[in-house]
Amino acid sequence: MGKIELTKVRKSFGDVHVIPGIDLQINDGEFVVFVGPSGCGKSTLLRLIAGLEDTSSGTIEIDGKDATNLPPAKRGLAMVFQSYALYPHMTVRKNIAFPLKMAGMEQAEQDKRVERAAKVLNLANYLDRRPGQLSGGQRQRVAIGRAIVREPAAFLFDEPLSNLDAALRVGMRQEISELHQSLKTTMIYVTHDQVEAMTMADKIVVLNAGNIEQVGAPLELYNNPRNLFVAGFIGSPKMNFIEGAEAAKHNAHTIGVRPEHITVGQGPWEGVVGLSEHLGSDSFLKVAVDGIGTLTVRAPGEVNAHHGDRIKLAPGGKIHRFDANGLAI
Amino acid sequence: MSTQSSRFAARMMVAPSVALLLIWMIVPLAMTLYYSFRLYRLISPDRTGWVGFNNYLWFVNSPDFWLALFNTLALVGGVLIITVVLGMLIALLIDQPVKGQGVLRILVIAPFFVMPPVAASIWENLFMHPQNGLFAAVARSFGAQPILFLENYPMLSVIGIVSWEWLPFATLILLTALQSLSSEQLEAAEMDGASALSRFRYIILPHATRAITVVILIQTIFLLGIFGEIFTTTQGGPGSASTTLPYMIFKQAIAAKDIGRAAAGGIIAVILANIVAYFLMRSIGKHLDA
Ligand SMILES: Nc1ncnc2c1ncn2[C@@H]1O[C@H](COP(=O)(O)OP(=O)(O)OP(=O)(O)O)[C@@H](O)[C@H]1O
Ligand SMILES: [Mg+2]
């Protein structure tokens with residue numbers, strides 16, 4: 001069981017109101033991802049849930065029980081830190097067994113659980129090494145192993161993959177997703193990586209300056225962003241925003257068109273290609289469109305457009321409309 | 001720094017200083033060794049000659065020797081235990097975020113800057129003095145007889161004074177060790193359900209072992225030669241109750257003006273220091289390797 005409910009949770013450090021007030025419900029078994037720009041309070045929110053920081057006001061309930069003032073150990077949650085926070089003087093085996101030992105579990109049961117976790121995480125050959133003798137990915141797995149042996153109500157991850165190289169990150173991302181499939185335990189995952197958020201989450205929570213901008217399934221946020229911030233934050237490259245006369249044609253203050261929804265070739269818009277990046281699978285173009293401004297275009301495959309060319313563009317897909325307050329219409 | 005040529009270059013470059021250090025060490029040691037086998041009394045300088053092991057035999061057979069040996073080890077051991085345990089407690093305390101942390105730390109470190117004879121005098125006259133001392137005043141205010149520290153508990157008093165002097169050193173080294181511990185490790189342990197005591201036992205203490213080793217090794221070197229504090233306070237007395245090996249050597253060299261016997265004592269002290277060093281390195285030296 002791992003249902004977590006935050007009600008009017010606030011957090012200030014002195015005069016700095018890092019989290020002005022958050023209501024959030026996380027259901028049992030859900031994979032929830034917190035995303036947002038750097039410094040928006042993702043880690044702080046996670047640490048509040050973990051109990052590593054005290055709330056300034058508001059309540060945190062775990063499985064229907066008030067946990068606001070419970071110490072971290074009593075909340076039944078496990079956390080994986082960005083720096084892994086392994087115990088350097090203990091072997092991998094002892095690291096993984098540490099929470100069990102602290103819980104006073106029998107040695108035989110400890111060994112059994114450690115072996116099982118090591119098998120799941122491909123660590124069986126490294127059990128007698130120290131963290132210093134492991135690669136980044138292996139350390140990450142030890143940290144996850146230490147979390148899963150306790151069979152917690154929920155896992156908390158704070159940017160667990162940000163220290164890994166790109167290839168390893170893809171692998172670990174899938175491993176964590178698979179782990180979630182098999183354990184079916186609630187997971188809360190902090191990241192600022194778009195792809196991680198979109199691929200792993202059941203539910204994404206978009207944070208901005210300590211406020212929740214929108215909560216929803218990945219595609220829901222992609223297709224129906226509630227405001228300009230979410231529209232700009234979800235999706236890569238960023239959505240194009242157009243104001244002025246062009247927006248007025250659509251009865252909006254601002255309209256948003258995703259780069260992948262603009263087609264090259266024919267259309268009402270015309271402009272000069274600035275930067276063009278050809279990745280093979282996609283082409284990214286920056287086009288200075290007459291009367292509108294610079295738009296980013298993402299065209300599939302190879303497009304024969306280079307710096308200085310004049311091309312025509314057409315908005316396709318969905319045109320997002322926003323009012324003067326930045327809210328979606 | 002591990003290719004053949006770089007290792008060779010490194011050796012060549014440190015060679016001169018190693019040679020100089022060797023001479024620096026060997027010459028006094030050799031001279032001490034030489035005199036320890038000679039009859040050489042400043043009172044009767046013309047009577048000289050080889051005496052074999054007589055100086056050593058006199059030293060070992062003198063009634064004070066075993067007491068002095070015991071006192072030396074008690075001083076080293078006692079001060080080490082007190083400074084490491086108290087130093088760790090104080091370091092844990094002043095590592096907490098409190099107001100006036102900077103001033104607090106300077107206060108804690110201050111005793112280290114007081115010279116040994118001054119420190120000993122302060123303790124002797126301001127704290128332990130049976131008439132004017134603070135402890136006597138406290139005892140009297142409770143209606144008790146003032147304790148005659150230097151007369152009745154001379155060795156314990158010396159251990160107390162020396163501990164006070166070395167406590168800041170231990171605290172400082174241990175504090176830096178605590179500060180280098182990542183807070184995430186402690187937080188992880190907290191989430192893993194470790195109590196404050198378990199966190200100390202399983203996270204903080206292992207992290208600090210290297211610092212503790214450094215404290216023990218460095219302090220042992222200095223504590224084996226403690227002299228000024230004894231000279232200022234008890235003069236090795238009453239009787240020989242607080243005579244240590246260095247103090248006994250001093251009595252032979254300066255009071256009895258017998259250089260030969262003092263040199264023999266010096267060599268015995270060197271042997272003792274090496275035995276202590278051997279056991280220390282065997283038991284805790286492994287913590288110094290990364
Ligand atoms: N102990 C603290 N004292 C004062 N301010 C703090 C403290 N911890 C965090 N903050 C502030 O709170 C804000 C949110 O920090 P937080 O670490 O939660 O950001 P984040 O969203 O995790 O950012 P990042 O993506 O860079 O990790 C920041 O502005 C930070 O400066
Ligand atoms: Mg963070």
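Chain identifiers are assigned alphabetically (A, B, ...) following the order of the sequence lines, protein sequences preceding nucleic acid strands; residue numbering begins at 1 within each chain.
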Does atom [atom1] ([X]) have a neighbourhood of more than 12 heavy atoms from anything else shown, all under 6.0 Å?
X	atom1	result
A:Glu109	CD	yes
B:Phe200	CZ	yes
A:Phe13	CZ	yes
A:Asp54	CG	no
A:Asn69	CG	no

First locate atom CG of A:Leu86, then atom CD of B:Glu184, and finally report the distance between them rounded to the nearest 0.5 Å.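 Rounded to the nearest 0.5 Å, the CG-CD separation comes to 10.5 Å.
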
If I take atom OG from residue B:Ser198 and atom CZ from residue A:Phe98, how far apart are they, to the nearest 0.5 angstrom? 6.5 Å

Give the minimum heavy-atom separation between [X] and [Y], together with the two atoms involved.
X	Y	result
B:Asp192	A:Met102	O-CB, 3.5 Å
A:Ala73	B:Gly193	CB-CA, 3.4 Å
B:Gln185	A:Tyr87	O-CE2, 3.7 Å
B:Ile203	A:His89	O-CE1, 3.9 Å
B:Met191	A:Leu77	CE-O, 3.5 Å
B:Tyr202	A:Met90	O-CE, 3.7 Å

Chain B heavy atoms under 4.5 Å from [X]: which part of the residue, side chain, backbone, both or neither?
X	result
A:Arg75	neither
A:Ala103	neither
A:Lys94	neither

When you compare the side chain of A:Met79 with that of B:Glu187, does any pair of heavy atoms fall below 4.5 Å?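 No, side chains not in contact.
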
